[in-house]
Structures are given as C-alpha cells and as structure tokens.
Amino acid sequence: ELPLISTIRKTESSWPAGSPVPYSALCATFEKIEGTTKRLEIISYCSAFLLEVLELSPDSLLTIVYLFINKLGPDFEGVEIGLGEAILSKAISECTGRSLAQIKADYRTTGDLGTVARDSRNNQPTMFKPKPLTAEGVFKNLKAIANVSGVQSQAKKVGIINMMLAACQGNEAKYLVRSLEGKLRISLAEKTVLSALAQAAVTFESRKAGDKKPDPAKAVKAEEILRAVYSEIPTYDLIIPAIIKDGIMNLRSSCQLTPCVPLKPMLAKPTKSITEVLDRFSDQKFTCEYKYDGERAQIHFISESNTSRVYSRNSEDMSAKYPDIVSAIPKFLGQGEHRPSSFVLDCEAVAWDREEKRILPFQVLSTRKRKDVQEGSIKVRVCVFAFDLLYLNGKSLLQTPLHERRELLHSHFREVEGEFAYARYEDGSSVDQIQEFLDQSVKDSCEGLMVKMLEGDESGYEPSKRSRNWLKLKKDYLTGVGDSLDLVVIGAFYGKGKRTNWYGAYLLACYNPDTQEYETICRIGTGFSEEVLESLYQTLSKTVIDQPRSYYSYAQSNATAPDVWFEPTMVWEVLAADLSLSPVYKAAISVLGRGKGVSLRFPRFIRIRDDKAVDDATTSEQVSEFYLAQASASGGNQGGFNEE
Ligand code: ATP
C-alpha cells in the first residue's frame with residue numbers, strides 16, 4: 001500500500017534552513033490533504049512536508065508531528081485541547097469585530113467554525129500586516145491554553161486565541177480554530193502520519209547517504225519498525241529524537257519498552273464457541289485464564305527512583321484513582337534475589353469484598369471515585385489479578401513465550417489475600433475441560449475465559465494488537481454476536497409515556513479510524529432503568545449541539561433523524577441479538593462495500609464504558625468482521641443475510 005518514495009511531491013513552500021517552520025507552510029499541507037480522499041496521496045503530502053522539516057528544521061519535527069495528529073503530548077500525560085463552540089465563537093467575534101449572532105448564524109449554515117473564522121478574518125480590513133505565525137509558536141500557545149486554570153481562565157484562553165487569530169492570514173484561521181476544537185477534519189488518521197513519518201525518515205537517510213532513491217523494501221521495513229516501536233513506547237517525545245539521532249532503522253534498539261511509559265495493551269478476538277477455540281489452536285499449546293470483570297490496570301515500577309504508576313487500558317494515569325494499589329506494591333514483591341528492581345505488569349483491578357473474601361461485580365467498581373481519592377476513605381476495595389509480566393529487571397519480555405513470562409510472574413511476585421493474586425488458569429485441552437472451567441469462572445464472578453497461546457513465537461505479547469493468539473470466550477455471548485460492542489452516543493429521541501421527561505431512545509455509532517467519522521449503527525431504547533435514563537439525561541443534555549458534526553455519517557432523512565444531536569463524549573457497552581444490513585445506518589458501509597451499512601438488531605444497553613475514549617469505540621472494521629463471521633456461521637449466504 002505504500003506509495004513509492006519517488007512519488008513524494010516537493011512542497012512549494014520552502015523556508016530558509018534553520019529558521020522556524022512557518023505555520024502557513026503547515027496549513028498549505030493541511031489544505032492539500034483536505035482536498036483529496038486518496039490515502040496514498042495523503043501520505044505523500046504528509047511525508048513530503050515531514051521530509052522538508054527534517055532537511056530544513058529537524059528540531060521542529062516533534063512539534064510538526066503533534067500538530068499533524070492534533071495532540072499536545074503523549075496520551076498518558078492527559079493534556080488535551082478541545083474547546084467548545086461557545087468560547088471559540090466568542091474569540092472569533094472579539095477578534096474580528098463581528099457580532100456573536102453573526103458568527104452563530106454562519107456556523108449554523110456551514111457547520112464549521114474553522115471556515116467561519118477564516119472568512120470572518122479575511123473579510124476584515126487590516127491596517128498592517130501581522131508578524132507571521134510559526135508552527136512552534138502556535139504549538140506553544142495551544143499548550144498554554146490547555147494548561148490555563150484558575151480564576152479568569154476563560155478570559156485568559158480567549159486572550160491567547162485572539163492574539164493568534166489576529167496574526168492569521170489566508171487559511172491559517174481555519175486550521176487554527178479546528179485544532180483548538182480538537183478536530184482537524186482533514187481525514188488524517190494517526191496511522192497515516194506514522195506511515196508518512198517512516199517514509200520521510202527513510203528518504204532523508206538515503207539522501208544523506210548519497211542515494212537518490214531509497215529502497216522501497218527499506219521503506220516498508222521502516223514503517224514496520226516504527227509501528228512496532230510506537231505500540232511499545234507510544235510517545236513521540238522519545239521516538240522522534242531517537243530517529244534524528246540514530247536513524248529509523250535502528251529504532252528497535254534505541255527505543256524500547258520503558259517503565260512509566262504505558263504501552264498499548266494487547267487485545268483479544270471474540271469467539272462464540274469452544275469448538276471455535278479448539279479449531280484455532282488445533283495442536284498448539286494454549287491456556288485458559290479467568291476473564292476478570294473489572295478495569296484493566298497496567299502497573300509500572302522502578303525501584304531506583306521509587307516510582308510506581310497504574311495506567312488504564314487507555315494509557316491514562318490512574319495512580320491517583322488507585323492509591324491503594326500503589327501503596328500495596330511493596331507487599332506483593334518477591335523477596336531476596338527474587339525482588340524485582342523494575343517491572344511492568346498487566347492486570348485487572350477487580351472490586352473485592354474483604355469480609356466475604358469474594359469478587360464483586362463490575363457495577364460496584366464503577367461506583368468508585370475517580371479523582372481526589374484519599375486512601376483512608378476508600379469504600380470499594382480492589383484486588384489486583386495479574387495475568388502477564390511484560391518487563392522485568394531492565395528487560396523487555398514481549399518476545400518471551402507466555403509460559404516463561406508466567407513462571408517469572410509467579411517467582412518474582414507473591415499473592416497477598418484480597419490485594420494481589422495471579423489470574424487463575426488451567427492449561428486444558430478438551431471441550432469438556434474448557435466447558436467446566438468456563439462454568440467455574442462464571443460461578444466465581446468472572447465474565448468467562450481468555451484463551452491464550454502458551455508456547456512458541458506466537459505466544460509473545462503483541463502490544464496494541466487485537467490478536468488471534470488471545471481469544472475471549474464470554475459466557476453471556478456464546479449465542480448472539482459473540483461479543484458486546486462499545487458504541488458512541490451521538491443523538492437522542494424524546495421519550496413518550498413514562499419517559500416524557502427524559503430521552504427515551506438514543507442513536508449510537510461506531511468509529512472509523514481511517515475516515516475519522518462516527519458511523520450510525522442503531523437506535524437503542526432497551527436495557528435502561530429509570531435512574532439510568534434520568535442520569536443520562538442530566539449528563540447528555542449538556543452536550544447537545546445545534547446540528548450533527550461534519551464527521552458524523554448518517555442517513556440524511558428526516559424520518560430517522562434524532563430529535564437532538566450530541567457532542568461525541570460517551571461510550572456505551574451494548575449487546576445485540578444479531579447484525580443486519582440496513583439502508584438506514586452507515587456502520588462499516590465503506591469497509592464492507594455492499595452499499596449498505598450494518599445495524600444491530602435488538603440492541604440492549606449494558607453499561608457506560610468510562611475507561612474508553614470515543615476514539616476507542618468498536619471500529620467499522622470490527623463491525624464488518626462481526627457481520628461476516630455471523631454470515632458465514634449461517635451458511636455463508638453473506639449477500640442476503642438478514643437484510644432489512
Ligand atoms: P476490547 O478492548 O477487546 O474491545 P474490552 O475492553 O471491551 O475489550 P473485553 O472485550 O471484555 O474488554 O476483554 C478484554 C479485557 O478483559 C482486557 O482488556 C482486560 O481488561 C480484561 N481481562 C480480564 N481478565 C483477563 C485475562 N486473564 N487476560 C487478559 N485480559 C483480561
């Protein structure tokens with residue numbers, strides 16, 4: 001899929017070597033990217049620009065990559081930008097002298113505050129030419145805005161935005177405002193930026209070595225290396241300086257899994273039957289582990305600096321939410337020569353009843369406070385169930401087979417009742433044995449089993465991958481779709497009868513990371529208690545927007561449109577009886593290529609997924625996989641299967 005490096009176009013907008021990258025040059029690249037839908041073209045515009053930065057202003061490469069992906073730092077630092085319509089409209093109005101009513105009216109027509117800002121700015125007479133913006137300057141200001149707090153924070157933010165807007169020329173205001181909103185809307189996915197970065201680096205290095213054209217095989221390899229390293233150590237703050245210093249082909253040795261930089265967790269594929277599990281592993285050794293129902297917790301520890309951290313599935317730092325886990329760490333370390341000096345553990349934190357000595361349901365865990373937790377006032381206790389060891393005593397274990405990782409886990413840590421335990425497992429092999437263990441897991445308040453490759457190359461830990469080497473077998477889902485889906489709430493319908501005061505049903509969407517769009521998948525009105533409906537109304541009514549976002553993909557018919565649209569903020573876990581093709585919904589429409597989207601039949605609300613960001617929702621590709629798996633299970637009649 002890679003474009004040949006020779007097709008990289010030269011950008012027209014050079015700047016003197018060693019001087020700061022003009023923001024206008026970056027915006028010119030954004031404009032080109034926005035003008036095409038072809039992925040290869042997008043990659044070549046992006047890599048041409050990154051190459052130019054490498055050649056002229058390498059110190060700015062990190063900033064440029066962040067501006068491309070519209071982030072302010074690594075996910076685990078949690079510094080985000082995403083200003084609302086109100087504050088941005090105010091800033092545009094103040095800076096351009098247009099009334100707030102005019103700005104709002106324009107926004108209603110265009111649906112894009114970026115273009116409103118650009119047009120308002122360009123139609124404004126200016127006395128003298130402002131000093132041009134630099135990419136570094138804009139990035140610094142974005143960070144400053146994200147970090148503003150305390151009294152008058154709104155006014156301070158508006159002040160910084162105004163200062164930048166006043167200096168904007170051409171299309172700069174459009175992209176600046178979109179960056180401030182947190183959505184560039186140019187269909188530039190982060191994985192595309194990674195591909196482009198790999199290509200730019202390879203081209204740069206071969207030019208330096210005197211080769212005109214880099215070897216395409218090397219470009220493919222470079223991208224593979226960059227992806228693997230990024231999933232192990234997902235921070236450009238370390239990767240980009242390493243590329244510049246040691247070259248992209250050496251990245252694997254110069255940048256490795258490091259404690260206190262959370263890696264992207266390995267994910268499992270869903271299965272619907274024990275025979276499906278046996279078919280997958282056939283004669284290879286596998287193991288079944290209890291699938292605990294709590295919150296994923298990646299625990300990092302460095303003895304030398306006495307640092308301990310707990311990270312979520314999403315790489316969010318949860319150390320403040322779980323001070324009890326942090327303070328329990330010394331208790332579960334092995335002793336003597338088995339005392340680890342550093343480690344990364346993959347675990348599930350599960351609510352625990354200390355009196356009854358048993359696991360409590362996930363619902364109990366979800367009542368635990370998320371912020372300002374004082375250890376003394378914790379009501380919901382947790383027990384950590386460790387299922388993997390990824391790093392030990394300065395060494396990454398990602399390539400080490402699972403059975404060895406498990407031995408190291410057992411020898412370097414010790415169980416502490418109700419606080420730390422190894423995940424229960426059985427290396428069974430027959431249908432009956434697995435069935436028995438599955439039943440037992442449910443009796444012990446677990447969700448079912450995780451079945452994992454135990455030995456050989458395929459049993460390594462694959463960061464960020466949804467792998468066939470980990471299968472989840474959930475008791476509830478053995479019939480139906482095989483797994484629940486995690487969907488984004490984007491709209492609602494007013495209730496009737498008993499539900500008149502709240503929303504009675506909601507519109508849900510899956511996420512397509514390639515187009516960065518939310519694609520509608522179903523209307524849902526089942527599975528909610530009255531309390532839940534009321535509290536959802538309280539939360540979601542605050543996120544109503546005048547019109548659907550431009551990155552929502554939905555059927556443009558009044559008959560199916562929701563009464564209100566929301567900002568995408570919340571993810572729900574949903575179960576369905578099955579999936580069907582639908583002319584009304586858009587989920588997986590481009591992935592599946594059937595001219596129709598996929599929709600859920602009889603969807604039922606299970607719970608809110610606080611631990612997932614909206615971009616972590618079930619993807620269009622997964623929806624398509626679910627649909628195809630179901631179609632093939634029903635006799636391969638994919639074309640006509642369950643068509644609405
Ligand atoms: P996904 O990320 O696959 O969409 P999810 O976050 O919705 O999944 P599940 O589908 O329920 O969660 O299953 C995977 C999760 O199960 C892991 O992220 C982890 O938190 C949890 N888990 C519990 N026990 C284990 C175990 N023994 N091995 C691996 N994961 C486990």
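Order of appearance sets the numbers: ligands from 1, and atoms from 1 within every ligand. Since the structure is predicted, the reported quantities are computational estimates derived from the model, not experimental observations.
- Heavy atoms from other residues, nucleotides or ligands lying under 6.0 Å from CD of Glu621 number 12 at most.
- At a heavy-atom cutoff of 4.0 Å, ligand 1 is contacted by the backbone of Tyr290 but not by its side chain.
- Under 4.0 angstrom from ligand 1, there are no non-hydrogen atoms of Glu295.
- In summary, the atoms of ligand 1 found under 4.0 Å from a heavy atom of Arg466, numbered by their order in the structure, are 1 (P), 2 (O), 3 (O), 4 (O).
- Here the heavy atom of the protein found nearest to atom 17 (C) of ligand 1 is Arg296 NH1, 3.5 Å.
- Tyr511 and Asp615 make their closest contact through CD2-O, 3.6 Å (heavy atoms, listed as atom of the first residue, atom of the second, distance).
- If you number the atoms of ligand 1 from 1 as listed, the ones under 4.0 Å from a heavy atom of Arg313 come out as 1 (P), 2 (O), 4 (O), 6 (O).
- Relative to the six-membered ring of Phe420, Arg414 misses at least one condition, a distance below 6.0 Å or an angle of at most 45° to the axis.
- In terms of protein heavy-atom proximity, atom 24 (N) of ligand 1 is closest to Tyr292 N, 3.0 Å.
- At least one heavy atom of Lys452 sits closer than 4.0 Å to an atom of ligand 1.
- Per-residue contacts place Arg609 under 4.0 angstrom from the following atoms of ligand 1 (heavy atoms of the residue considered): 5 (P), 6 (O), 7 (O).
- Near Lys474, meaning under 4.0 Å from any of its heavy atoms, are these atoms of ligand 1: 9 (P), 10 (O), 11 (O).
- The shortest N or O to N or O distance between Trp470 and ligand 1 is not under 3.5 Å.
- Nearest protein heavy-atom contact of atom 19 (C) of ligand 1 is Glu348 OE1, 3.1 Å.
- Summarising the local packing, NZ of Lys285 is surrounded by 12 or fewer heavy atoms from other residues, nucleotides or ligands at distances under 6.0 Å.
- Residue Glu417 places its CD atom among 12 or fewer non-hydrogen atoms of other residues, nucleotides or ligands, all under 6.0 Å distant.
- Of all the heavy atoms of Asp486, the ones lying under 4.0 Å from any atom of ligand 1 belong exclusively to the side chain.
- Residue contacts with ligand 1, taken as heavy atom pairs separated by less than 4.0 Å, involve Lys291 via backbone and side-chain atoms alike.
- Atoms of ligand 1 lying under 4.0 Å from at least one heavy atom of Leu267, given by number and element, are 2 (O).
- Ion pairing of Arg549 with Glu567 is present here, as a side-chain N (NZ or NE/NH1/NH2) and a carboxylate O approach within less than 4.0 Å.
- Other residues, nucleotides and ligands place no more than 12 heavy atoms under 6.0 Å from the CG atom of Asp457.
- The shortest contact between atom 8 (O) of ligand 1 and any protein heavy atom is with Lys472 NZ, 3.4 Å.
- Under a 4.0 Å N-O distance rule, the pair Glu295/Lys321 qualifies as a salt bridge.
- Here Arg313 does not pair with Asp346 in a salt bridge; the nearest charged N to carboxylate O distance is not below 4.0 Å.
- Heavy atoms of Tyr425 come nearer than 4.0 angstrom to ligand 1 in no pair at all.
- For atom 31 (C) of ligand 1, the closest heavy atom belonging to the protein is Phe387 CE2, 3.6 Å.
- Results of the side chain to side chain donor-acceptor pair (under 3.5 Å) test with Asn469 over Gln284, Glu462, Lys269 single out Glu462 as the only residue that passes.
- Those atoms of ligand 1 with a heavy atom of Glu447 less than 4.0 angstrom away are 11 (O).
- Contact annotation for Lys612 and ligand 1: only side-chain heavy atoms (C-beta onward) come within less than 4.0 Å of the ligand.
- Taking the six-membered ring for Trp and thresholds of 30 and 60 degrees, Tyr422 and His410 have nearly parallel ring planes, at less than 30 degrees apart.
- Within a 6.0 Å radius of CZ in Arg368, other residues, nucleotides and ligands contribute more than 12 heavy atoms.
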